Enquirer: 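Just passing along the structure, written as structure tokens.
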Amino acid sequence: MSVESADQGPANLSGFAYRAISDMIRRHELKSGDPIVEAKLADALAISRTPIREALQRLEGEGLIVKAAGRSFMVRRVTLTEYLQSLKVREILEAEAAAAAIGRIPEAAFEEVRRDIEASTSGAYSRDAHWNTDAKLHNLFIDACGNEIMASMIRALRATTHLFEIARLQDRLKPDNTEHLAIIDAIRSGDPKAARRATQQHIRSLYRFALEVIS
């Protein structure tokens, strides 16, 4: 049975297609520069091409895909320069978001992310688990910063940096976890300067790692 034969309206199908294609890009199943073939996606998701097109328009608006030849799309290429410049801007904005989120995040949310971080170190390395934990930590304070304009800018920058296919991602798991826990502790402490500093140190660490990988 196709997805469309289930009890889902057009909006649900479009949302389903958006989430599915976003996940393919996030997992780098669709890599930078890859063409987006509507017919293949429709077959893979068992839906018509109309919700696929709607999802692609949304992804284009978010900067994850761009127009290619004719009416087709491709996954946006992110250069090293764009990646590093985006990190520099994230360093400024995310530090402010972390400070602004103080007092706005429930204790249970902190504990949930902490458990996910600790769980990610057990067993075999999982790229998906690594990315999911990273997203949960950053979204924790981005969503709670109280400034939707700033939050939207950060989300767009994070989408850009996520598109960059950096090597040796597994080597980032331990430092990411350590730095993420430091951000949690700083926000929980109620000290805006500490929250800014922990967030800046994390993003600077990502910057240095990228330069190390390509050198």
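Only heavy atoms go into these numbers, but all of them, side chains included; no hydrogens, no water, no symmetry mates. The model shown is predicted, which means the values in this text are computed figures rather than measured ones.
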Enquirer: Identify every side-chain donor-acceptor pair in residues 92-105 under 3.5 Å, counting partners at least two apart or on other chains, and give the distances.
Expert:
{"residue": "E94", "atom": "OE1", "partner": "H138", "partner atom": "ND1", "Å": "2.7"}
{"residue": "E94", "atom": "OE2", "partner": "R90", "partner atom": "NE", "Å": "2.5"}
{"residue": "E94", "atom": "OE2", "partner": "R90", "partner atom": "NH2", "Å": "3.0"}
{"residue": "E96", "atom": "OE1", "partner": "R196", "partner atom": "NE", "Å": "3.4"}
{"residue": "E96", "atom": "OE2", "partner": "R196", "partner atom": "NE", "Å": "2.9"}
{"residue": "R104", "atom": "NE", "partner": "A100", "partner atom": "O", "Å": "3.4"}

Enquirer: Please examine the side chains of L64 and R58, heavy atoms only from C-beta on, and report whether any two atoms are closer than 4.5 Å.
Expert: no
Enquirer: Rounded to the nearest 0.5 Å, how far does CZ of R27 lie from CG of D23?
Expert: 4.5 Å
Enquirer: Report the C-alpha distance between S86 and E82 in whole Å, list the side-chain angles of each, state the deciding distance to 0.1 Å, and finish with yes or no for side chain to side chain donor-acceptor pair (under 3.5 Å).
Expert: CA-CA 6 Å; S86 296; E82 187 177 3; 5.2 Å; no
Enquirer: With a 4.5 Å heavy-atom cut-off, do N132 and D116 have their side chains touching?
Expert: no
Enquirer: Side-chain heavy atoms nearer than 4.5 Å, only ILVMFWY residues, links allowed to pass through others: does that put L30 and F164 together?
Expert: yes
Enquirer: Report yes if some heavy atom in the side chain of M24 is under 4.5 Å from a heavy atom in the side chain of L45; otherwise report no.
Expert: yes
Enquirer: Could you please spell out the steps behind the side-chain contact (heavy atoms from CB on, under 4.5 Å) verdict for K31 and V75?
Expert: CA-CA 6 Å; K31 302 178 184 296; V75 181; over 6 Å; no
Enquirer: Got a salt bridge between D43 and K40, using NZ or NE/NH1/NH2 to carboxylate O under 4.0 Å?
Expert: no
Enquirer: Spell out, yes or no, whether L84 and V213 are grouped together once hydrophobic residues are joined by side-chain heavy atoms under 4.5 Å, including indirect joins.
Expert: yes
Enquirer: Considering only heavy atoms from C-beta outward, does the side chain of K88 approach that of I203 to under 4.5 Å?
Expert: no
Enquirer: Working to the nearest 0.5 Å, report the span between CG of L206 and CG of D176.
Expert: 6.0 Å
Enquirer: Under 4.5 Å between side-chain heavy atoms, hopping through other hydrophobics if needed: is there a path connecting Y207 to L137?
Expert: no
Enquirer: Does a side-chain heavy-atom distance below 4.5 Å link E179 with R172?
Expert: yes
Enquirer: Applying the 4.5 Å side-chain criterion to the ILVMFWY set and letting contacts propagate, would I25 and I52 be lumped into a single cluster?
Expert: yes
Enquirer: How about R115 and E112: do any of their side-chain heavy atoms sit closer than 4.5 Å?
Expert: yes
Enquirer: One thing to verify: whether E60 and R53 come together as a salt bridge, which I'm taking to mean a side-chain N less than 4.0 angstrom from a carboxylate O.
Expert: no
Enquirer: Any side-chain donor-acceptor pair under 3.5 Å between N177 and T121?
Expert: no
Enquirer: Using the ring-ring contact (aromatic ring centres under 6.0 Å, His included) criterion, which residues pair with Y18? Sequence neighbours excluded.
Expert: none
Enquirer: Using a 4.5 Å cut-off on heavy atoms from C-beta on, say whether the side chain of L56 contacts that of R49.
Expert: no
